[in-house]
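One structure below.
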Amino acid sequence: MEISRRDFMHLAAILGLGAVTNLQAGQKAPKDITLKDIYSFNAKGNVTLLHMCDLHAHLKPLYWREPSTLISAPNLVGTPGFLCGEAFAKHYGLEPSSLDAYFDTHMDFDTLAKKFGKMGGVAHMKTLINHIKKERGAENVLFMDSGDTWQGTGVALKTNGEAIVAAQNYLGVDVMVGHWEFTYGKTQVKKLIEQLNAKFISQNIIGDDPFADDYEELIFEPYTIEERGGAKIGIIGQSFPFTSTANPKEFTQGWSFGLRLETLQEYVNELRGEHKVDCVVVLSHDGFSVDQEVARQVKGIDFILSGHTHDPSPKPIVINGCAIVIAGSHGKYIGRLDIDIKDGRVKDYEYKLIPIASNLIPADKEGLKLIDELYAPYAKEFNEVLGKTKNTLYKRDTFFSTFDQLINDAIMDEMKCDISFTPGYRWGTTVLAGGDILMDNVYEMCGITYPNVYTFELKGQRIATLLEDIADNVFNVNPLYQQGGDMSRLGGVTYDIAVGNPTGKRISNLMVGGKPIDLNKTYVVSSWGGNLQNAGEKLQKDKIKPVYDVVRDYIKRKKVVDVSNKGNVRLLDYDCGCPKKGSKGC
Amino acid sequence: MQRREFFKKLGVAAAAGAVLPSLALSNEAAAPKPKGPNELSYKDAVNAITGGKKVVNSPLVHLKAPEIAENGAVVPVTVEVDSPMTENDYVKAIHIFATKNNNTRCIDVHLTPANGKAMFATRIKLGGTQEVAALVELSNGTFLVATQSVKVTIGGCG
């Protein structure tokens with residue numbers, strides 16, 4: 001039975017049966033595309049899974065430009081998870097200047113932004129969800145959230161995540177896992193889970209405090225079994241495996257993370273063997289490329305609903321009969337997965353990554369009211385216009401993006417340091433060229449619970465080693481050793497990088513303030529969002545200040561900011577930011 | 001659940017194991033000093049145990065360690081060997097190595113058929129990113145090994 005299921009999926013993959021997507025929906029010329037095109041779906045079977053990931057607390061629509069540079073180890077470049085721009089458009093057959101091209105790539109972003117408007121927003125998502133629930137019957141629909149939902153905006157930060165839980169309850173989320181959720185600390189996480197109507201599951205978080213009652217015990221339920229459309233669906237939770245190294249340990253002291261593929265396999269077997277489920281789903285925050293590796297190593301998973309790496313993937317990837325989907329970030333998409341479950345197994349499925357085009361999908365009134373209520377206490381602060389930007393401010397890209405550069409400029413201006421480190425998170429916002437920068441935008445870029453900018457001293461040697469270490473976290477050939485972010489952004493520094501070189505030998509021509517780095521010299525370094533300060537000496541305590549205040553004050557002083565998109569990193573292995581598979585160019 | 005029972009059984013052994021390796025590694029921290037008599041390279045340390053006998057990579061040895069260490073000072077490592085543990089066929093010893101630590105040999109565990117199961121869990125200290133190895137001596141005198149790379153990093157991204 002197990003084998004015939006896999007054989008079918010394999011065949012389906014070859015023939016393109018199961019994975020036929022409604023790509024044409026977003027391909028029409030802007031003026032011709034209607035709500036009907038967005039809703040259009042070749043409905044299938046008895047169950048619908050709705051999926052969102054990495055909302056990053058964006059309750060309101062926003063502009064979000066996808067990366068123009070997305071580089072990884074040579075074996076992964078040009079594969080789903082590492083596709084951008086033209087390479088992405090070609091891989092998925094997108095029409096230039098279409099709604100899909102606007103949502104999925106950086107190309108012509110500012111122009112298309114004016115045509116199509118903002119993306120996402122929970123009030124618009126809700127209208128779509130209501131439509132699907134009506135079409136399929138609410139009792140046949142399950143809404144899954146891959147996490148990174150509670151953090152990323154001012155309203156999330158100021159309410160310690162409570163505003164976002166209210167929005168999840170409004171949307172009707174059924175099951176979730178986490179990552180940035182944990183940066184509110186264990187106590188607040190537990191409090192928010194109490195408020196949440198969804199189930200919070202994770203098979204890969206285990207107590208590791210030998211003196212606690214939960215030592216070597218699961219912290220959350222590892223899985224849940226949900227009945228929809230007459231089928232039993234087993235859902236296993238996989239929270240971000242590297243939470244304790246990517247974010248400060250103190251938030252999750254006593255909890256151990258990790259991939260834990262052995263126990264994942266045990267739970268798959270338990271669901272199939274003991275509980276006789278008809279379909280096994282892994283709800284994951286591993287990242288898109290890590291989950292492709294998970295599908296290679298763990299047997300018997302039907303679907304992985306992935307998250308963390310923010311990839312919009314218009315088509316599922318099928319590995320060993322397991323279909324993997326991921327639904328972008330920032331509320332830009334809802335993934336709809338219709339499944340035909342019969343005789344205790346998955347017969348067929350249909351998937352579409354649905355763009356939440358806020359100009360085409362009308363807002364649900366109740367949602368607008370909820371957002372107004374949640375924002376009201378902070379409206380004055382968030383809506384303050386700090387200044388204007390000449391060029392587009394965006395976040396993402398492997399080495400450099402303009403909003404990060406603005407943050408580094410602000411830090412260097414205030415802290416008078418030689419080098420500034422800004423983390424390579426993949427969440428943030430986009431401000432169009434000529435647009436106002438609001439305080440809300442600053443929170444969208446750096447609203448975290450450990451916001452302090454630290455200024456301290458580091459030896460040149462240490463800085464060089466550190467950069468290699470970070471590069472290895474991003475460019476390791478084995479996805480299991482990657483942490484799924486981008487390179488830290490450096491102010492005051494330029495360097496060349498050959499990502500395909502061995503560990504510790506990728507970076508060359510490292511310059512600080514225009515001069516070659518002196519390995520024996522001590523440099524003044526400012527950093528935020530990491531733990532670099534622990535490696536430094538002579539911490540300047542009087543200079544410690546939250547990064548969002550540093551950036552706010554800088555933009556106010558400048559009034560108009562002019563950040564060039566030239567970048568400070570020279571890539572030696574590739575000629576462009578979005579290479580195609582097996583090529584050095586585009 | 002299986003896992004829980006497994007850890008309950010293991011409880012005492014693991015607690016004891018947590019103390020031993022820290023003693024074994026107590027002189028590990030100071031990196032640049034000259035090597036002492038117990039500080040052998042991985043290769044030499046393996047040879048000291050095997051007497052130069054052939055060591056075979058084996059799927060019978062299950063070495064469990066995290067891909068990325070949450071804390072390099074206490075990296076959980078579990079070694080389990082598929083063995084009947086009878087008088088005629090049992091695991092005599094499990095040796096755990098941190099291949100690039102100053103002192104590579106973390107712990108030696110000697111077993112008899114009375115142990116019932118060839119399994120040992122402990123925490124070891126890793127000075128940096130490296131391979132962890134589990135060397136297993138069988139009662140018939142053969143040596144098996146399994147390795148896994150563990151990354152020790154200052155941290156990353158989100």
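So you know, we letter chains A, B, ... as the sequences are listed, proteins then strands, and number each from 1. Only this structure's heavy atoms are used, side chains among them; waters, hydrogens and symmetry mates stay out.
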Is it true that atom [atom1] of [X] has more than 12 heavy atoms of other residues, nucleotides or ligands lying nearer than 6.0 Å?
X      : atom1 : answer
A:K186 : NZ    : yes
B:Q148 : CD    : yes
A:D213 : CG    : no
B:E87  : CD    : no
A:K249 : NZ    : yes

Would you mind reporting whether B:R123 and A:D208 have side-chain heavy atoms less than 4.5 Å apart?
yes
With the side chain counted from C-beta on, respond yes when B:K151 and A:N476 share a heavy-atom pair under 4.5 Å apart, and no when they do not.
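In short, these two side chains touch, coming nearer than 4.5 Å.
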Who wins among A:D472, A:N478, A:T183 for the most heavy-atom pairs under 4.5 Å with chain B?
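Among the listed options, the one with the most contacts to chain B is A:D472.
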Out of curiosity, B:E70 CD to A:T245 OG1, how far, rounded to the nearest 0.5 Å?
7.0 Å
To the closest 0.5 Å, what do you measure between NZ (B:K64) and CZ (A:R260)?
7.5 Å
Does A:Y481 use its side chain to pair, donor to acceptor, with the backbone of B:V150 at less than 3.5 Å?
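Side chain of A:Y481 to backbone of B:V150, a donor-acceptor pair under 3.5 Å: no, none is there.
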B:T129 versus chain A, heavy atoms under 4.5 Å apart: side chain, backbone, both or neither?
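When you check distances to chain A, no heavy atom of B:T129 falls under 4.5 Å.
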Between A:D469 and B:T153, which heavy-atom pair has the shortest distance, and what is it?
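That closest heavy-atom pairing would be OD2-OG1, 3.4 Å.
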Answer with side chain, backbone, both or neither: which region of A:F242 has an atom nearer than 4.5 Å to a non-hydrogen atom of chain B?
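The answer is the side chain of A:F242.
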Which bit of A:T243 is near chain B, if near means a heavy-atom gap under 4.5 Å: side chain, backbone, both or neither?
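The answer is neither part of A:T243.
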